[in-house]
Amino acid sequence: MTGTARIVLVEDDPAVAELVTLYLRNAGFAITHAPTAAKARELFAEMHPALVILDLGLPDTDGNALFAEIRARSDTPVLALTARAEEKLAGLDAGMDDFVTKPFDPRELVARVRAVLRRAPQHLPHASAPVLERHERAGVERDGRHRARFRGAVRPLPRSSRSMRARSSSVRTMGSPYH
Ligand code: CA
C-alpha cells in the first residue's frame, strides 16, 4: 500500500530535490516537488498526499510556519528536513513525525518515509478511544467506518495523539546511529 503513496516534497534546493525524487521514485512512491511554500499549499490542497517531506529552510515562508498550517488542517504525516540539528527536538516536540538532518543518506530518508507511513492512520485497524474523544470534542463526527467528517470533508480518522508520536519519534531518533 505504501508503494503508491503520494508524497509532496517541499524543498528549494534543486540538487536535494532531484536526489530525493529519484530515490523515492525508485522505491515506488508517487512524488511531486514543490520548490516554494506557495506551491506546496497548492499541491497539498490538490493532492491530499499521504506524507509531506518538508525542508524547514524555504525562500518564501518559514518551514515551521508551513508545518503549523498543515497541522491545523490535517494529520498528514510530515517528515522535516533541515541543515540545523538544533531544530530537531523543537520539531519533534511540535508534532513533526520524523526529522532528517542534512546532509543525509537518501536511503535513510526512504527508510524513514516507509516507517512514517507504516504508522499512518490508514494502516491502523482501529482508532483508539482517546483519539475519538479528542476529535469529537473538536467537532468531528464519526461515521462508524474508521472515518470522520470534519469541516465537511470525510477523511480517515487520525492516528494516536501527537504528543505520543513525538515522544516515540524522539526516543527512536535519539537511539539511531545516523546523527
Ligand atoms: Ca532549503
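Remember, it's 1-based here, ligands and their atoms both numbered in the order they're listed.
The Ca ion (ligand 1) does not have Ala83 among its coordinating residues (no N/O/S atom, backbone or side chain, under 3.0 Å). Coordination check, Asp13 versus the Ca ion (ligand 1): failed, since every N/O/S atom of the residue sits at 3.0 Å or beyond.
Contact check on Lys88 versus Asp93 returns no salt bridge, with no Lys/Arg side-chain nitrogen under 4.0 Å from an Asp/Glu carboxylate oxygen. The pair Lys102-Asp55 meets the salt-bridge criterion, with a side-chain N (NZ, NE, NH1 or NH2) lying under 4.0 Å from an Asp/Glu carboxylate O. Ion pairing between a basic and an acidic side chain is recognised when a charged N comes within 4.0 Å of a carboxylate O; Glu69 and Arg73 show no such pairing.
Minimum-distance N/O/S atom of Asp12 relative to the Ca ion (ligand 1): OD1. Here the N, O or S atom of Asp55 that is nearest to the Ca ion (ligand 1) is OD2.
Formation of a donor-acceptor pair under 3.5 Å by the Asp60 side chain with backbone atoms of Ala38 is found in this model.
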